[in-house]
Structures are given as structure tokens and as C-alpha cells.
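Lettering of chains follows the sequences in order, A, B, ..., and the numbering in each one begins at 1. Just so you know, these numbers use all the heavy atoms, side chains as well, and skip hydrogens, waters and symmetry mates.
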Number of protein chains: 2
Amino acid sequence: MPTLTAAQQRAAARAEYDAFLAACPSRQVLARISDKWVTLILVALAGGPLRYSDLGRIITGVSQKMLTQTLRTLERDGLVSRAVTASVPVRVDYQLTPLGDSLMPAVNAVKAWAEEHISEIETSRAAYDQQASATIDR
Amino acid sequence: MPTLTAAQQRAAARAEYDAFLAACPSRQVLARISDKWVTLILVALAGGPLRYSDLGRIITGVSQKMLTQTLRTLERDGLVSRAVTASVPVRVDYQLTPLGDSLMPAVNAVKAWAEEHISEIETSRAAYDQQASATIDR
DNA sequence: CAGCATCCGGATGGATACTG
DNA sequence: CAGTATCCATCCGGATGCTG
């Protein structure tokens, strides 16, 4: 009887690998900017500071939960800053930090590639799906 | 009684917005390259063609399900090509297409930004968490 | 206005077993 | 070797209701 079962060994390997992944900078940043709402917020704020309610209106379809949650992680990562004006009613403005600003070129590089090659991707997808359904038919 | 309840209106707005998002090229590509395994596969293949089993070994921790699934979507999007050699046993090689290759600079731009600024992010996170726990303590 | 707490359904992804 | 098929735990994210 081995000290560790195969399942346990696999679990250990995964834990180790997860730790490796967690330590990988590219992976972390990729995970961050790939979040469903992050990019939208970043792009929205690229034009200048916005209030919480403005963001909620501009980014149609976001729930407060996700908006707040996303803003918190961005703030935690130092990409966005939060400024509270203690008036009545309260006013909170969000804006990109210099760090957040410096990320935009990279985001825009991906965006540019996307806009340039999206048609090729769509063509490829159509061909692939065509092929797939044809295979099923016969 | 209104024709649509508030919930229905919201659902409709969301559906519309989701359609808008789905049509957004940047969003699609971002969603693609941000996938947990996509980047790893892309980077692994950047060095040259690899067999299915090689990928599975290099990318420790990936399940066959995810490896296969990810390779399929990449193939569908035309970023990766699949070549079957009908021998015994079968041999399947994957490699970047020219299109997939053209994406690498953009991926590397993000990667470069990540590696350059990860320490700032970590510092920011530490400060943020410090602040949070201090607030709880008092 | 700008959130936070809670509940909950559906999607995501891993483990396992089987196949050409 | 290179997958496919199935089951199932987890987690993400939306809806709702409440607060300073």
C-alpha cells in the first residue's frame, strides 16, 4: 500500500501547479484583464474619471455586485483609484491610475489585432462549423 | 399592469447587451486568449509544432477534456492547425497557423507589461490588504 | 447615491471510464 | 496514442432586499 494514492498524488501535483500558475505574472494579468467586466471598465475610464452610477449606466447590463466587485479588485491591483466626496448625497469617482493608464497600450494592441483579424476568425469558424455539420449529415 | 415587468425589461436589456458584447471583436478575442489554458498552449506552440501528448505533458495539470476542448476552439478560430498522421499508433501534431502567429506579438505585449509591472501590482495589493485588516482590527 | 449581504441557478471544469 | 462520453463538485454571477 503506497503512502499516497494516485488521486492524492495528482491532487498534490495540481496544487503545486496551481501555485506555479498563481506566481506567473502574465497569467495573473491576463486573468485580470480578461475578466468579463474589467476591459469595459478600463475602456470606459480611459476617457476620464467617472462616477459609480455613470459606470453602471454606460456599462449596460452589469449588476451592482459585479460592478462593485470588479472596481474593488482593480483598486486593489492599483489600476484604478477611488475618490469619495463626503457630500450629501455621497459622490464617488473612479479613474485610472498611472499604472492603469500604462496598461492601456497593451490592451489596445490586443484590441487592434482583434479588429484587424476578426473577419478571418469568423471565416474560419464558419468553415469549421460547415465542415462539422456536413460530416454529421452524411 | 405594464406589458413588461421590470425584471422582464432588465432581462431584455441584458439579452440585447449580451448580443452587443458577443459581436464585439475585442471582447471575443480577449475572452479567447484569456482562457485559462489558451495562453499556455499558444506559448507552448510558439516554439514549434507539438504532439497532443507532448502538450499534455508540458502543460502540467491540464485534463484531456480541457486540452482537447481548448485545442478545438483554437482550431475553429483558425489560430492552430491539426495534422493527423495515419500511422499505428496515430500521431497528431498541432502548430500555430500564420494567424495564430500574428497574435503572439499582442500576447507578448501584455506579457511584457505584466512582467514589468507585476511588482507594482503586488505592492498595491499588499498595501490594500494591510489597510483592510487594520480597519477590521480597530 | 453608493454600496453590502444573502440566496440560488446555470455554467465551468475536473475525475473517471471507455473507444478507434 | 488520441481522443470521447458521462457524472458531478465548485464557483461565478444575477436577483433581491437592506443600509449609511
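- Nearest-nucleotide assignment on DNA chain C puts the 5′-proximal partner with D54(A), out of V90(B) and D54(A).
- Across dG13(D), dG14(C), dA2(C), the shortest atom-to-atom separation from the side chain of S53(A) is found for dA2(C).
- Note that the OG1 atom of T70(A) and the CG atom of L55(A) stand 10.5 Å from one another [nearest 0.5 Å].
- Atom CH2 of W37(A) is separated from atom P of dC12(D) by 16 Å (rounded to the nearest Å).
- For T68(B), the listed nucleotide lying nearest its side chain is dT4(D); candidates were dC1(C), dG20(C), dT4(D).
- With rounding to whole Å, Y52(A) atom OH is found 10 Å from dC1(C) atom C1'.
- The distance from atom NZ of K36(B) to atom P of dC11(D) is 12 Å, rounded to the nearest whole Å.
- No donor-acceptor pair closer than 3.5 Å links the side chain of D77(B) to the backbone N or O of L79(B).
- Toward the 5' end of DNA chain D, the nearer of the two residues K65(B) and Q69(A), judged by each one's closest nucleotide, is K65(B).
- Look at CG on L67(A): it is 14 Å from P on dA15(D), rounded to the nearest Å.
- Of the candidates dG3(D), dG20(C), dG14(C), the closest approach to any side-chain atom of S63(B) belongs to dG14(C).
- dG3(D) atom P lies 10 Å from atom CG of L55(B), rounded to whole Å.
- Distances shorter than 4.0 Å separate some side-chain N or O of R82(A) from OP1 or OP2 on dG3(C).
- Considering only side-chain N and O atoms, R51(B) lies under 4.0 angstrom from the phosphate OP1 or OP2 of dA2(D).
- Distance from the side chain of Q64(A) is smallest to dT16(D) among dG13(C), dT16(D), dG3(D).
- Between L71(A) atom CG and dG3(C) atom P the separation is 8 Å, expressed in whole Å.
- For the side chain to side chain contact (heavy atoms under 4.5 Å, CB included) with L45(B), the lone residue among L96(B), D101(B), T97(B) that qualifies is L96(B).
- One distance of note links CG of L67(B) with NZ of K65(B); it measures 13.0 Å at 0.5 Å rounding.
- When rounded to the nearest whole Å, the span between CE of M66(B) and P of dT16(C) equals 16 Å.
- R82(B) has no carboxylate O lying under 4.0 Å from a charged side-chain N of D93(B), or vice versa, which leaves the two without a salt bridge.
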